[in-house]
Amino acid sequence: MSTTTTQASLGHPAIAPPPALGTVTLKINGVERQLEIAPWTTLLDALREYLDLTGTKKGCDHGQCGACTVLVDGKRINSCLTLAVMKEGADITTIEGLGTETNLHPLQQAFVDHDAFQCGYCTPGQICSAVGMLTEGKAKTTAEIREMMSGNLCRCGAYTNIVSAIEEVLNQPKA
Amino acid sequence: MNSFTYTRATAVEAAVREKAADDGVKFIAGGTNLLDLIKENVERPTRLVDLNHLPLTAIEAAPDGGLRLGALATNADTAWHEQVQKRYPLLNQAILAGASPQLRNMATNGGNLFQRTRCYYFYDTATPCNKREPGSGCSAIGGYNRIHAILGTSDSCIATHPSDMCIALAALNATLQVTGKNGERTVKFEDFHRLPGNQPELDNTLAPDEVVTAIDLPNEDFSRHFSYLKLRDRQSYAFALVSVAAALQLDGNTIKDARLALGGVAHKPWRDQQAEDLLKGQPATEETFRRAAAAVVENAQGYGHNTFKIELAKRAIVRALKQAAEGTQHAADIFTNSNP
Ligand SMILES: Cc1cc2nc3c(=O)[nH]c(=O)nc-3n(C[C@H](O)[C@H](O)[C@H](O)COP(=O)(O)OP(=O)(O)OC[C@H]3O[C@@H](n4cnc5c(N)ncnc54)[C@H](O)[C@@H]3O)c2cc1C
Ligand code: SF4
Ligand code: FES
Ligand code: FES
């Protein structure tokens, strides 16, 4: 039992003291990072609140919008519905790991070229999701892109340009 | 979120033992339903036992020549598995009709079976709900109930089971491999989920410490004439108002065997074997399909906002059976699917 001051010791006997923080090692954008976090910390909160990786956005926090999409071992997931501790040992890629300001990822460049956003809040999730979708290799047509990107909502309604940006990268001849 | 501790299970027996010893333990797999409910304060575990390190991700031949789907295989890996696409395209379609690609990459087959209702009152801890708090009352009866059940309801609960995958599993006669304190057993799919009766807090018939290790699909062929028709408020990334899994075996135009299961209408995947009997031996015509559809909703009851589901279910059944008979649905052909 930890000896730190907890709500319980402050006179709320019904509230159990939180379990001690644990050390979690995450590999993010190729770099191993150690953090001291409570087990209930979501991967999204670990990125934003503990690792200063605020590119990944919190929209709904309930799996309903896709703003928090990151890649785990190459697959797109919603980082708000997984715990950081569950992803120990995995390879995590966030929007910060996809490209640099001088060397944008092709999808980042395509989003700029096609004006595929308005406020930009959904954009990191859209781009990570699109990267995951291209790796999956299932979507070939416009309709299929729309269906396979349906896990990413855009409050600004930039869908038309989002789809054309992705389509351009999909149809780029492979180097 | 409520505070909880976290451990990883590395053997099924250990997971069972930990859960049997402590009521506060919950298993976690993909986390997509459980973490959501913890954030809403609906589920309040004191400890999570992570099942993801159990060796249960394989999709392989089952002993009877069917296919065994590991409980920890993701919904995405299952839907896109070559054997599922080829032999069980109905399951491929049902899974791909659910949630989003991100969620399907996280959601596991085991977790999908146990996902809880999306009844808004169940989620809202400020309102009475017999499922969340037995004895407190049902806010949906007499409340807003557009998404609720029309079949198999009780005075205690009119919630629906929200899964798409499970509707296909019901139609395909799946069985579950289960391990508990007393060892392993097999559970027929129809015996797994339950109707609410006067214990709506129980979604299924398993003991709390039982782990599902695999889902078995029998060695049967419904790969040519099938349809998963999902009707919802928007075309993607929404739960079903009504869904129909239909599968036929045809001899010429005569129905040799038929499977019919509905989602969005009951507390469990709604399989109607009497309606299936009305199809068997009959010509695959609209008239036959209408007769079966009428039989399915014969005892349906609306609660006001959801009464439209009775007619919707009838029409959806007829359309799904027509699509199945025509054989126009193809595995992974998620884009020509059915939306009105
Ligand atoms: C925004 C959103 C939209 C969605 N839309 C759809 C949809 O349209 N159609 C649809 O079908 N689903 C939909 N879903 C639900 C999704 O399919 C489920 O959340 C998912 O399948 C649950 O699987 P999981 O592995 O994440 O389960 P978890 O959340 O990890 O677990 C769920 C429950 O299952 C128990 N459990 C898990 N594995 C086992 C096991 N092997 N043995 C015993 N118990 C176990 C856990 O203890 C827990 O109680 C949606 C979800 C979200 C968040
Ligand atoms: S329908 Fe069931 S889950 Fe919804 S409020 Fe009533 S008892 Fe609760
Ligand atoms: S923040 Fe994760 S899906 Fe909306
Ligand atoms: S650009 Fe504003 S939400 Fe998509």
Side-chain angles (χ1 to χ4, degrees), chain A residues 6-7 15-20 22 24 38-43 45 60-66 68-90 125 128-129 132-133 136-153, chain B residues 1-8 24 28-40 44-53 74 76-77 79-80 85 92 96-107 111 115 118 123 232 234-239 331-337 339:
Chain A
T6 63
Q7 287 210 308
I15 302 173
V24 174
W40 57 85
T41 311
T42 60
L43 176 58
D45 286 343
C60 64
D61 212 21
H62 289 283
Q64 299 172 0
C65 76
C68 66
T69 304
V70 299
L71 299 158
V72 173
D73 295 329
K75 293 185 175 170
R76 48 179 168 159
I77 67 153
N78 303 99
S79 61
C80 68
L81 286 187
T82 191
L83 299 174
V85 65
M86 290 165 68
K87 296 302 169 204
E88 266 194 319
C128 285
S129 186
M133 186 193 76
E136 289 157 16
K138 308 294 184 200
K140 306 273 190 246
T141 65
T142 311
E144 289 169 356
I145 293 173
R146 295 186 84 92
E147 169 61 27
M148 293 313 249
M149 287 298 294
S150 69
N152 293 82
L153 304 190
Chain B
M1 263 193 269
N2 244 22
S3 57
F4 50 76
T5 55
Y6 168 90
T7 49
R8 290 184 186 126
I28 187 162
T32 60
N33 191 225
L34 183 57
L35 290 175
D36 192 22
L37 290 167
I38 293 175
K39 289 181 190 192
E40 298 284 2
R44 294 169 212 176
T46 52
R47 186 150 63 97
L48 294 187
V49 172
D50 187 349
L51 301 182
N52 286 290
H53 299 264
T74 65
D77 286 346
W80 295 112
Q85 289 195 58
N92 158 285
L96 294 181
S100 70
Q102 288 96 315
L103 288 162
R104 297 193 294 265
N105 277 342
M106 308 170 79
Q115 64 172 297
R118 308 303 285 205
Y123 264 79
R232 43 189 155 169
R234 62 179 180 199
Q235 206 167 332
S236 187
Y237 203 10
F239 286 94
D333 188 5
I334 51 185
F335 314 111
T336 54
N337 187 9
N339 289 293

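So you know, we letter chains A, B, ... as the sequences are listed, proteins then strands, and number each from 1.
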How long is the span from the [atom1] atom in [X] to the [atom2] atom in [Y], to the nearest 0.5 Å?
X	Y	atom1	atom2	value
A/Asp61	B/Lys39	CG	NZ	3.0 Å
A/Asn78	B/Leu103	CG	CG	4.5 Å
A/Ile77	B/Thr32	CD1	OG1	10.5 Å
A/Cys80	B/Gln102	SG	CD	10.0 Å
B/Asn105	A/Asp73	CG	CG	11.0 Å
B/Met106	A/Lys75	CE	NZ	12.5 Å

Can you find a pair of side-chain heavy atoms, one from [X] and one from [Y], that are under 4.5 Å apart?
X	Y	value
B/Ile38	A/Trp40	no
B/Leu48	A/Leu83	yes
A/Glu88	B/Arg8	yes

Which atoms of [X] are under 4.5 Å from chain A, going by heavy atoms: the side chain, the backbone, both sets, or neither?
X	result
B/Ile28	side chain
B/Asp36	both
B/Ala29	backbone

Shortest non-hydrogen contact between B/Tyr237 and A/Gly66, atoms and distance: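 Closest pair (atom of B/Tyr237, atom of A/Gly66, distance): OH-N, 4.3 Å.
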Using non-hydrogen atoms only, which part of A/Thr69 is less than 4.5 Å away from chain B: side chain, backbone, both, or neither?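 The side chain, not the backbone.
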Residue A/Cys68 versus chain B: region with a heavy atom under 4.5 Å: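 Interface part for A/Cys68: neither.
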Is there a side-chain contact (heavy atoms from CB on, under 4.5 Å) between A/Lys138 and B/Leu96? Walk through the geometry before answering. CA-CA 12 Å; A/Lys138 308 294 184 200; B/Leu96 294 181; over 6 Å; no
Among the listed options A/Met149, A/Gln64, A/Met86, the residue most often paired with chain B at heavy-atom distances under 4.5 Å: A/Met86
Thinking salt bridges, do B/Arg104 and A/Glu136 make one under a 4.0 Å N-O criterion? no
Chain A: which of B/Ala99, B/Ser100, B/Gly31, B/Ser236 shares the most heavy-atom pairs with it under 4.5 Å?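 Looking at each of B/Ala99, B/Ser100, B/Gly31, B/Ser236 in turn, B/Ser236 comes out on top.
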